[in-house]
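Since the structure comes first, as structure tokens, the remarks are kept for the end.
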Amino acid sequence: MNKVAKIFINMPIKTIAKGYSYIVPDQFSYLDIGWRVCVPFGHQYLEGFVVEIAFVENCDGLKEVVAVIDKSAWFNQEMMDTAKWIASYYLCSLGESMRLFIPGKKSISVDLFYEAIALEENGINCCCIYKYLQANGPLNLNCLKKYFPTYDMEKVLERLLSEGKIKKVYKIRSRAKEKFEKFVMINEFCDKDPNIYLKNKPAQLRLVNLMLTKRKLPRKTLMEFSSSVIHALEKDGFIHVVNERVLRDSYKDYHFQMVKKSLNPSQENAIEQVTAKICEKKHDTFLLYGVTGSGKTEVYINIVEKIRKLDKQAIILVPEIALASQMIQRFKENFSNDIVVMHSKLSIEERNDAIERLHNKEVGIVIGARSAVFVPLDDLGVIIIDEEHEVSYKQEERPYYHTREVAKMRTFYSNAILLLGSATPSLESYYKAQCSEYKLLSLPKRVNNSNLPSVHIVDMRNELAKGKRSILSDDLYALIKKTLENKEQIIILLNRRGHSTFVLCRECGHIIKCNHCDVPMVYHFSGILRCHYCDSVKTVPQECPHCYSRYIKYFGTGTQKLEEELYRLFPNASVLRMDRDTTTKKMAYEKILDDFRKEKYQILLGTQMVAKGHDFKNVTAVAILSIDSTINIPDFRAAERGFQLLTQASGRAGRHGNQGNVIVQTYNPCHYAITHAKEHDFISFYHEEMNFRKILNYPPYNQLLKIIIFDMVEEILIKKAEILARKLHLMMKSVKCNIIGPFSANVVKVKDIYKMNILIKSREMGKIKQLLCENELDKRKDITIDVDPMNSL
DNA sequence: AATAGTCCTATA
DNA sequence: ATAGGACTATTG
């Protein structure tokens, strides 16, 4: 009998939706389900995941597992079950869903080397490359090219391979590189008296005395001592130096004082209800609906405390990295070093070290963005999703999973608690709470005796009638002025980065568009035009490329232009800009938010990343300049997103006792998203919006599935889409559903690829998915299927 | 996704 | 005759 493992290959493609069998050689007989291995696949060596073990008599034609990656299984049962659920729910292969659990998507890279084969005739007549390989051992292509730049190396190697003079060898390289550091340690059993023995060696004596108190110190903190001092002491037996593995952590120096806040009755009630469920050790989902500034984080902290007492682990998710730093601070105030941070801006090595920390139980709390929902944990107790309504929880590339649903399944399979928190819950979640599928917990009042801010709506049509063309209304100007005079801070939200949002010819109306995408290019500060979809750049043309006129003008205001304008109007104020252009570096978010928190700046200006979840003591004013661009999108979620953005942004004002003031500039002052947000009335907004959803059959009354079709050629795409739509209508005859489209996607062309959509609404999405799979539409290369899409465009 | 094999065309 | 490019089949 031979041990055989069924393995899914770590590959980001949907067409390989099956496992492959490999022989488990005796040296790896301990292999089991959930392990990561390296296997030969086709003409390469790749990472694979063991999903089944079998013992079979005949294994002809099977290849062997060539390497095992870890010292234990990466996937436990709960992770395996979740991966399987993702594959079936979001219609992807198990390989695709399992690789989500791997930091950096793959854990090994395999490098190709060429090795000389020993030849009988001693290789005298062989070329210099063969001789070089013979002398230096296996080398890779780049290395050979460097030494022999004049050769056509691919050709030479091909010839040598076919002549049987060299062979290919593969070296597996782990991407989880361990970091080692030197530590100086005191020798515990040294009985020499340093004061006598080192009387005439002041530097050595100083170091020994330091070591006698500290016992162990990193070598790099002792740079004042030369290595001869260290060596001498080592030789005399006072100290020794060890090379020890260290686990990287960019956040380890974040230390805060322990803070314990008192709780109000609604917070206590929420904690009590969740605690009761924790004690039952059963899965359940709670929706914590608490107005902005109502102390949701305090509830999270108390629940995590309960979980940690039971020695279980917790995942806390925030919608983007910008919000992590605040959550980290609050948690560090309570849990000190029991925390690791996990997000995609960290290096892969650091992420692996964080997982190692969780693995060896050194820490029990993970704070992170979307991808942190996949951290491997053995004793998952709770997943908390803060700002659960945020669209950034939906993955925008294959597989198109929603973090909330993944968390739901992980907590379900591990009998853990899922806690969703928001001041503006998604309609789906609030609806589920109404149907008792989730348990609703409410925090109706702000803490710190603060009132919700007063919201003032400025009708920009009146400004225009007054002849004002500036992006800042008179009222907003006055609010900024007053806030600055009071030495308070203001946040300004403008949801467009760059300088001018489009460039237009005044003679013919031609708008400069990207060569590869069907969108206007945005003028950036440095004098270039940039496409916000593909990042390609152009210089600003001197004349219109269409009519050769020289009347080229910039229109629309982005964050860069507004920054200029604010400096012009308030020359004494300091303005801090936060958008994707200023936050590319590793700790840029933390730095910007920290500077603002320390009141080095009075005005924080930025895209929607300034609106979410931040808690600044001295912010009393908030301005929202671009709500119309959100509300006017022809999508079923536009109003919901507008309401959320307004409520969340307003919620930054006056959280610590001061009265907050919010200004909303709009051309649609009567829009229900704006009027309800002005009154901070989520419930009324919910009911009004639910009416629309019901009439138009949108979620949460129906499920949605979006089919996106691609092609390089527009005409072919249109034909293909029509054929597909007809096919879908036939296919779905037996299922109650609505098929809408094909219609052009929101952006018709991105990176030279045209897109069209077909939308399916149904309450029986399971059947629809089954039919799509039976007809192998999920395997088609020119189609992607987005289950539960965030928009219909 | 990545590779190796297949087919086809431009070209000296 | 052939090198290089586009395209395709295949992965245990």
Side-chain angles (χ1 to χ4, degrees), chain A residues 1-26 28-29 31-33 35-69 87 91-102 104-114 140-142 150-164 166-173 175 348 395 397-400 710-713 716 720 751-753 776 778-784:
Chain A
M1 289 296 246
N2 295 288
K3 187 167 180 172
V4 166
K6 188 165 152 196
I7 287 167
F8 272 83
I9 305 298
N10 178 353
M11 249 188 190
I13 48 161
K14 50 189 170 181
T15 41
I16 301 180
K18 60 173 181 181
Y20 289 83
S21 297
Y22 288 85
I23 298 167
V24 179
D26 288 343
F28 302 138
S29 60
L31 256 197
D32 205 349
I33 291 170
W35 285 68
R36 305 193 293 187
V37 293
C38 180
V39 291
F41 188 74
H43 303 283
Q44 39 184 339
Y45 287 86
L46 293 171
E47 179 181 6
F49 310 117
V50 179
V51 299
E52 246 177 71
I53 293 286
F55 291 89
V56 296
E57 203 65 68
N58 179 15
C59 45
D60 292 350
L62 297 190
K63 292 182 182 175
E64 286 190 358
V65 172
V66 295
V68 173
I69 295 173
L91 308 182
C92 66
S93 77
L94 194 53
E96 276 183 294
S97 63
M98 288 181 87
R99 75 200 294 274
L100 293 167
F101 290 81
I102 310 301
K105 291 175 185 165
K106 58 177 189 178
S107 35
I108 50 165
S109 29
V110 181
D111 302 321
L112 172 61
F113 286 77
Y114 297 92
N140 64 22
L141 184 63
N142 281 339
T150 53
Y151 282 70
D152 184 347
M153 193 53 70
E154 283 91 348
K155 281 266 166 56
V156 178
L157 291 170
E158 208 173 289
R159 205 194 69 226
L160 286 169
L161 278 168
S162 65
E163 288 170 1
I166 61 168
K167 64 177 179 188
K168 290 177 176 179
V169 287
Y170 297 89
K171 284 192 187 168
I172 299 166
R173 196 156 39 94
R175 302 230 289 157
I348 289 157
Q395 167 100 335
E397 53 188 53
R398 282 188 60 84
Y400 294 83
F710 307 89
D711 206 287
M712 305 276 280
V713 187
I716 295 176
K720 236 167 35 176
K751 294 182 194 172
D752 290 319
I753 294 170
E776 297 201 317
D778 58 330
K779 303 277 184 323
R780 249 174 81 169
K781 274 187 182 158
D782 57 346
I783 285 179
T784 44

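Proteins come first, then strands; the chains are lettered A, B, ... in the order of their sequence lines, and each starts at number 1. This one's a predicted model, so the numbers in the text were calculated from it and none came from an experiment.
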Report summary line: Considering only heavy side-chain atoms of A:His43, the closest of B:dA1, B:dA4, C:dG12 is B:dA4
Report task. Scan A:Lys18 against the nucleic acid and name what it touches under 4.0 Å (heavy atoms): base, sugar-phosphate only, or nothing. Result ->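 Base, at least one base heavy atom under 4.0 Å.
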Query raised in the report: Contact class for A:Phe41 (heavy atom, under 4.0 Å): base, sugar-phosphate, or nothing?
Result: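 Contact class for A:Phe41: base.
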Report task. Name the orientation class of the two ring planes belonging to A:Tyr170 and A:Tyr45 (parallel below 30°, tilted from 30 to 60°, perpendicular beyond 60°). Result -> tilted
Rounded to whole Å, please give me the gap between [atom1] in [X] and [atom2] in [N].
X: A:Ile16; N: C:dG12; atom1: CD1; atom2: P; result: 10 Å
X: A:Ile13; N: C:dA9; atom1: CD1; atom2: P; result: 15 Å
X: A:Met11; N: B:dA2; atom1: CE; atom2: P; result: 8 Å
X: A:Glu158; N: B:dG5; atom1: CD; atom2: P; result: 9 Å
X: A:Glu47; N: B:dA1; atom1: CD; atom2: C1'; result: 14 Å
X: A:Glu52; N: C:dG12; atom1: CD; atom2: C1'; result: 14 Å
X: A:Lys168; N: B:dA4; atom1: NZ; atom2: C1'; result: 9 Å
X: A:Tyr45; N: B:dA4; atom1: OH; atom2: P; result: 12 Å

Requested in this report: Indicate the atoms forming the closest heavy-atom contact of A:Ile166 with A:Leu161, along with that distance.
Outcome: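 Scanning both residues, the minimum pair turns out to be O-CD2, 3.5 Å.
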Query raised in the report: At their closest point, which heavy atom of A:Val4 faces which heavy atom of A:Val24, and how far apart are they?
Result: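 Shortest heavy-atom separation between A:Val4 and A:Val24 comes out as C-CG2, 4.2 Å.
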Query raised in the report: Are the charged groups of A:Arg173 and A:Asp111 less than 4.0 angstrom apart, N to O?
Result: yes
